[in-house]
Amino acid sequence: APTGAGADCTHFPANFMWGAATSSYQIEGAAEIDGRKPSIWDTFARTPGKVHNGDTGDVAIDHYHRFREDVKLMADLGVKHYRFSIAWPRVIPDGRGALNAKGVDFYKRLLDALQEHGIEPAVTLYHWDLPQTLQDEYRGWEDRRIVDDFTAYAEAMGKALGDRVPRWFTLNEVSTFAMIGYGVGYPGHHAPGVELPDRAALHRGIFHAVLAHGRGVQALRATCKADAQIGIAENYHAYAPIIETEEHIAAAHRAFALDEANASIIMPILTGRYNPEWVEKMNGAAPQATDAELKDIGTPIDILGFNCYHGGYAQAADNAAGFDVVPTPRAFPRMNISWLTVTPEAIYWGIRQIADVAGQPDLPIVISENGCADAAEANSAGLVRDIDRIMYLRQYLGYVQRAVREGYSIAGYFPWSLADNFEWAEGYAKRFGMVHVDFETQKRTPKLSYHWFQEVIRQRRVV
Ligand code: PNW
């Protein structure tokens, strides 16, 4: 049931999951400690010219050593859930083979600290830090062997931590790591920064990822607690109708179904098939899958993580497709990072499109990421007054509330991110945190948005 006890027109249900989110390479640091080996992000960041200012995740926000302080910040914030990722090259340094006990112990210490504060973990297995060894050996996601190696990693983590972790996400944002890590005809601007010859090669890589996801779900299912919720965190692309009429809503739903990322990732995962209309449109570049592979890709999941930052607008049109995607006007509001237009309706339509287009009205969805980079200044007392972030989150959360009110299956909200961290190709120049981090001293200071979110959680409504 989508709405729990206590939900009404303005309040979130009492059992709604409020959380915070991070990922390993962006926060941990300790790149060469306790047996961790490099990931493709270490290699990429250490390659001159790839990351802004030559920044790397070598130290990041030193969470590896300061996790207790970070857990305390979450406890004070009032969240009962924490989404973090495991660094694959920390626990299996070469990507396959023996477990590194010291690496696994770090996550056990973190789980202990969370438990002491009554915070439930939601663990992502892969948030982009692929073991470099697998990239060197067979080019990572480009090669079919990644499927077995990821599945073995999932099984190993299920066995090591499955008795203590109630929620799992296999992969984070296949569409981002595939479409930004690899370029077709130009090098990608995320790791591994590979240039692919054509779209068929891109879709082969994506196919390996969705198959690895499905087999990973099965491996976790076999090793974790019976009631564990297992799924994926994907930033599938949502489309809002330009005006809420039947014809534009239908146009938005078609834009969703035929979007290249959705049609190759979330739709086969949720339906166990590729849309023949999309396959036709791809003109030979779509993946070829056997029935057995489709069944694995479509392995039922218990929870869907929706990472939502922005979306598109669709309009009904008299063309072959039946819709147009409306370009975002030049002066459309944006947050402090070039790609982030403020499109809060996307979070509502993204929830609804899982029900109406992917045919999964009862699948619990959590917003596994939503957030922005701020451009805020501190006041004389050192309080970062990020009212830009508050404005952004308030609008998106209002649309999540609408989905709750209308009975959609939305179960939780995890803003990105708990604290400022390594923002990939932007290095430390873009700050997504509700907690400010001084990257010199590692001092953490809650921003105004942290106090705002605290109050949202306390009152269970958009404040
Ligand atoms: C997500 N885009 O990445 C990631 O899951 C996080 O690790 C990251 O820090 C966060 O969002 C903010 O960027 C994205 O270009 C990267 O649309 C790029 C895009 C979206 C999400």
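Counting convention: from 1, in listed order, for ligands and their atoms alike. Positions are given from 1, in the same order as the sequence printed here.
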Look at [atom] and say which protein heavy atom is nearest, naming residue and atom and giving the distance to 0.1 Å.
| atom | result |
| --- | --- |
| atom 18 (C) of ligand 1 | W339 CZ2, 3.7 Å |
| atom 10 (C) of ligand 1 | Y309 OH, 3.2 Å |
| atom 16 (C) of ligand 1 | T176 CG2, 3.8 Å |
| atom 4 (C) of ligand 1 | E369 OE1, 3.4 Å |
| atom 3 (O) of ligand 1 | E173 OE1, 3.2 Å |
| atom 9 (O) of ligand 1 | E423 OE1, 2.6 Å |

Check: [X]/[Y] side-chain N/O donor and acceptor closer than 3.5 Å:
| X | Y | answer |
| --- | --- | --- |
| N262 | H237 | no |
| D438 | Q442 | no |
| Y138 | D149 | yes |

### Message
Can you confirm, on distance only, whether ligand 1 has an N/O atom lying under 3.5 Å from any N/O atom belonging to W416?
### Response
yes
### Query
Short N/O distance, under 3.5 Å, between Q26 and ligand 1?
yes
### Message
Do Q229 and W168 make a side-chain contact, defined as non-hydrogen atoms from C-beta onward lying under 4.5 Å apart?
### Response
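Q229 does not reach W168 side chain to side chain.
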### Query
How are the rings of F422 and W41 set to each other: parallel, tilted or perpendicular (split at 30° and 60°)?
perpendicular
### Message
Between Y309 and W339 (judged by ring centroids, cut-off 6.0 Å), do the two rings come close enough to count as a pair?
### Response
yes
### Query
Can the ring centroids of W141 and Y126 be said to lie less than 6.0 angstrom from one another?
yes
### Summary
Interatomic distance, CD1@I367 vs CG@N307, rounded to 0.5 Å, equals 8.5 Å
### Message
Taking the cut-offs as 6.0 angstrom to the six-membered ring centre and 45 degrees off its axis, would you call R402 and Y348 a cation-pi pair?
### Response
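Yes.
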Any atoms of ligand 1 less than 4.0 Å from a non-hydrogen atom of [X]? List them with their elements.
| X | value |
| --- | --- |
| H127 | 4 (C), 5 (O), 6 (C), 7 (O) |
| W424 | 6 (C), 7 (O), 8 (C), 9 (O) |
| W128 | 3 (O), 4 (C) |

#### Entry: Sub-4.0 Å heavy-atom approach of E426 to ligand 1
no
### Task
May I ask whether H310 places a heavy atom under 4.0 Å from ligand 1?
yes
### Message
Please work out, at 4.0 Å between heavy atoms, whether the side chain, the backbone, both, or neither of N172 comes within that distance of ligand 1.
### Response
side chain
